[in-house]
Q: 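Below you will find the structure I want to go over with you.
Numbered from 1 within each chain, the chains take letters A, B, ... in sequence-line order.
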Amino acid sequence: EIKIALDSAKDLENSGSYVWANAFSEYLNANGMEAVEYERGALGGEAEKMDQVQQGLLEVSLSDTKGVGALDGHLIPTTLPYLFPDWQSLDRGLANGMMDKINAGTVPQGVRVIGMAALGSAAGIFNTKHPVEKAADLADLRMRALDENQIGVYKLWGTNGTIVAWDEVPNALQTGIADGYINPPMVPIMFGHTGFIKYFTNAKVGLGSRTIIVSEDWYQGLSAEQQAIVMDAAKAATEANRAWLATRSAEMDKLREAGIEVTELTPEAWAEFKALSAPLHNMVPLPEGALAAWQAAIGE
Amino acid sequence: MIWLVPILLAVLLASGLGLAYVVGATAVVSFLMTENARYLAILPQKVFSQISVFALLSMPLFILAGELMNRGGVTKALIDVSMAMVGRIRGGLGHVNIMTSVFFAGISGSAVADAASLSNTLVPAMEQRGYTRLYAGAITAASSIIGPIVPPSIILIFYGAIMQTSVAALFVAGILPGLLLACALFALNGYYAVRDDHPRIEKGEAPPILPAIARALPALLLPLIIVGGIVLGWMTPTEAAAVAVIVAALAAIFYEGLKLEDVVESLRRTAMLTGSIFVVLCAIAAFGHLASLEKVPQAISALITDLGLGPVGFMLAMNLLFILAGMFLDIPMALALLVPLVAPVALANGADPVHLGIVICFNLTIGLVSPPMGGCLLIVSTVTGLNYWTLARAVIPFVLVEILVLGVLVFVPEISLYLPRAFGLWN
Amino acid sequence: MRAAVSWLDRFSAFLNRVALWGAVLAVASLVLIAGWQAAARYLLDQPPAWTEELARYLMVWAGLLGASCAFRFRVDPSLFPAARERTDGVGRVYAVVRAIGAFIFVAPILWYSLYGLNGKIASGYIARNARVTAETLDVPMSVFAMAIPIGFGLIMLHLLANLSTALMQPKET
Ligand code: NA
Ligand code: NA
């Protein structure tokens, strides 16, 4: 039995990572390898899932990309703002050797990366106060940051960040400890924040992703034929996920339906955000040459 | 071989081993019996993840705030204010006892702290003025459970962490139910005061109200700072807990002075109490993982759904389950064991997570004043020297009134949800 | 034999005092860090990112050291606490049962902290955490993960000391 630890609800309409997981497990089951899905949280949080994969106690996990990036930093650039224009470029990079580079770092630690799932349209800026059309409009907003990198981004944009744990975010937004956050478009709807989040700026900050990892101990115990089935399943799942992504143009309408005012950026305003964010790419600690390797692999 | 597990459980319980270790050992043996032995390798990470939870941070802090208050003479100032306010009514000291618990509740998150400190101070005072010790003890125990219902509340922090529900919303939701409980107890005490001709405080014996309030001001301001700070967005519940510790220490210095050894002793007790609760969490987590592997929660919700109880029937069955659990188990244990199993089914039946939290919290606190494992009964009987079972009998009328209030809370969710909605903390 | 038992008990008592002080320091730092986080939001332009993570991990240390002390002082909640005070023959049987029970729970946690499923230290829990850096603090996670084997290791020591003391106690006359 192959255990697959999900990271979201079993929602084929709204959850990109579940689209991936579902296609993956269906392919395996159809090809004689029994796969069982475990609900989000059933086998523990991110750290626990990673721990079980490393020990061969969990076969497949849809994991937090930053968490996997802690094993090998070549994955971290995919989480940086304004580095990848779209998923096509990221996929190109993975195919042109970056996936192998990442695995060279994670496999000795018991973890094999077999794919990345798109969570939806690119992340944008949400807030509770007023529309944001350019970076300067952020000046009077205190933005919720999840880590030091995000604080750095806000600083570069000319505003302030404040670290708030995800559990306390609803409270922080309602009471004004924070006025907004960066997230993929569907997040406020999925987490029930539409009561107080009122404005969204489609700033296309970066790609929201999950990284799919399998246990190396388990993988090495498979026959060559079975290994091939697993890799084909991952390929089919990634295709299903990207096909789903292409249908996501309706996300802005869903936000509007939920009472959130959507602001599209002018090309100039978007270019300004991108230019302001660029210094961050050299501030985040990355393995030697990682950025250059990605740029070469994308073909920029 | 799985039949070995209940026998092991019984033997370990009888030996007096701490409940956490009983549960932990039973969990490990269950892993072995179900051929899941290799999954024991998850234990270290499981334990770490289970307790390094952000939402739990405020628990040790509120425990510490209560410890510091207890040592610093804050209780006495609260009693004086209550005397000045309600002491002159017939049955005055009974009312004072309840009122003090309301004020105390605004600072402390624990019923046991309330029961301990009022058994020491108010029970002798009531006895001097012609109440029986039994009645004084009973009302002290019964009203101590206001503590964890009015915010802050360790039980609600715990529930919020398990259910990933806003602690701020839960705190504010507890205010009206706590006051409703106080009113119900005032009414019952009033009835006994007339029936048994309880005394009132003589004129001149009650402290003048304004100086009493002035003196208690630091202690009375603390709940305002805590709840107000959260509601107005000055700070998160966790930060409010840290501020509560600092203000509690300042208040204690203001009243009787706080010696370094008091501070150290408070820190020690906080660490040990936190540790005891954490081991419980770790042990339950081991069981939880096994249950997940074997898909037990799915089986339980299917079972409950098959019973076809309907929303009302389900609520009644759930409350019965929690009252029984509260009588036999430690509150953190009951929460950690039952909430992950029952709450998803309740939510699927249309329950509101905040309302559910208040109902479960209220319900479990009733277990604190019911035998056999009534924590507050035990404290009051230890401090006052009353026989445990005699006291338990004397508390019965109060417990019945509390169950009545619980019923009202179950069927009128608005009592819990009105304030969090009004303050925009909950939809 | 008696000397060895008494030495073990004194050693357990000594480490318990050290652990209690460690727990006290951890709780005190917790208060200061959480308080600083509340203040820094208003005092600093850019509040520190590390307060949340550090406070959480200090709580783990405080809790596990506190848990070992609670075990040594026998203040963990129990359904039949009176059974812990008996010193007669039945009391000795109880003491053995308690030791076995606690051992069953603690042993796998300790074992898998040190060794991986494959029996190698390099794949044990601590070794795995030594290779990962904390999110906001520039230290390996093993600094915090170490609280698990140390906390439960102390509990193991206390349970051995308790057991041997109970078995060596002179019969009540
Ligand atoms: Na309270
Ligand atoms: Na009281």
Q: Do B:Val22 and C:Phe105 make a side-chain contact, defined as non-hydrogen atoms from C-beta onward lying under 4.5 Å apart?
A: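 B:Val22 does not reach C:Phe105 side chain to side chain.
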Q: Ignoring hydrogens and angles, write down the donor-acceptor pairs under 3.5 Å from the side chains of residues 57-70 of chain C, residues two or more places apart or on other chains.
A:
| unit_1 | atom_1 | unit_2 | atom_2 | d |
| --- | --- | --- | --- | --- |
| C:Tyr57 | OH | C:Glu53 | OE2 | 3.4 |
| C:Trp61 | NE1 | C:Val143 | O | 3.3 |
| C:Ser68 | OG | C:Leu65 | O | 2.8 |

Q: Please table the atom pairs, donor to acceptor, closer than 3.5 Å between any side-chain atom in residues 39-49 of chain B and protein atoms at least two apart or in another chain.
A:
| unit_1 | atom_1 | unit_2 | atom_2 | d |
| --- | --- | --- | --- | --- |
| B:Tyr39 | OH | A:Lys3 | NZ | 2.5 |
| B:Gln45 | NE2 | B:Ser49 | OG | 2.9 |
| B:Lys46 | NZ | A:Glu48 | OE1 | 2.7 |
| B:Lys46 | NZ | B:His289 | ND1 | 3.3 |
| B:Ser49 | OG | B:Gln45 | O | 3.1 |

Q: Counting heavy-atom pairs under 4.5 Å with chain B, which one of C:Phe71, C:Phe144, C:Phe152 comes out on top?
A: C:Phe71
Q: Which atoms of C:Phe103 are under 4.5 Å from chain B, going by heavy atoms: the side chain, the backbone, both sets, or neither?
A: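 The answer is neither part of C:Phe103.
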Q: Run the salt-bridge test on C:Arg56 and C:Glu52 with the 4.0 Å N-O cut-off and return the result as yes or no.
A: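 Yes.
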Q: Just checking heavy atoms, which of residues 117-126 of chain C are less than 4.5 Å from chain B?
A: C:Leu117, C:Tyr125
Q: Against chain C, work out which of B:Ser52, B:Ala242, B:Ala25, B:Ser15 has the most heavy-atom pairs shorter than 4.5 Å and name it.
A: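 Highest number of pairs under 4.5 Å: B:Ser15.
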Q: Is B:Leu61 close to chain C through its backbone or its side chain, or both, or neither, when contacts mean heavy atoms under 4.5 Å?
A: side chain
Q: With a 4.5 angstrom heavy-atom cut-off, is it the side chain or the backbone of C:Phe73 that approaches chain B, or both, or neither?
A: side chain
Q: Heavy-atom distances under 4.5 Å only: say whether C:Trp21 touches chain B with side chain, backbone, both or neither.
A: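 Only the side chain of C:Trp21 comes within 4.5 Å of chain B.
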Q: Is chain C contacted by the side chain of B:Val11, its backbone, both, or neither, given a heavy-atom distance below 4.5 Å?
A: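 Both backbone and side chain of B:Val11 come within 4.5 Å of chain C.
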Q: Treating B:Arg269 as the side-chain partner and B:Glu67 as the backbone partner, does any N or O pair qualify as donor plus acceptor under 3.5 Å?
A: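 No, the answer is negative, given that no donor and acceptor are paired below the 3.5 Å cut-off.
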Q: Do C:Ile109 and C:Ile148 come within less than 4.5 Å of each other through their side chains, counting heavy atoms only?
A: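 In short, these two side chains touch, coming nearer than 4.5 Å.
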Q: Just verifying a value: how many Å separate B:Leu335 CG and B:Ile154 CD1, rounded to the nearest 0.5 Å?
A: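 Answer for the CG-CD1 pair, B:Leu335 versus B:Ile154, is 12.0 Å.
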Q: Would you check if C:Leu110 and C:Leu114 make a side-chain contact, meaning some heavy-atom pair closer than 4.5 Å?
A: no
Q: Of the listed residues (B:Ala27, B:Gly275, B:Ser266, B:Ala240), which shares the most heavy-atom pairs with chain C below a 4.5 Å separation?
A: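 Option with the top pair count is B:Gly275.
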Q: Return a table of donor-acceptor pairs under 3.5 angstrom between the side chains of residues 276-283 of chain B and protein atoms on other chains or two or more places apart.
A:
| unit_1 | atom_1 | unit_2 | atom_2 | d |
| --- | --- | --- | --- | --- |
| B:Ser276 | OG | B:Met272 | O | 3.1 |
| B:Ser276 | OG | C:Asp76 | OD1 | 3.3 |

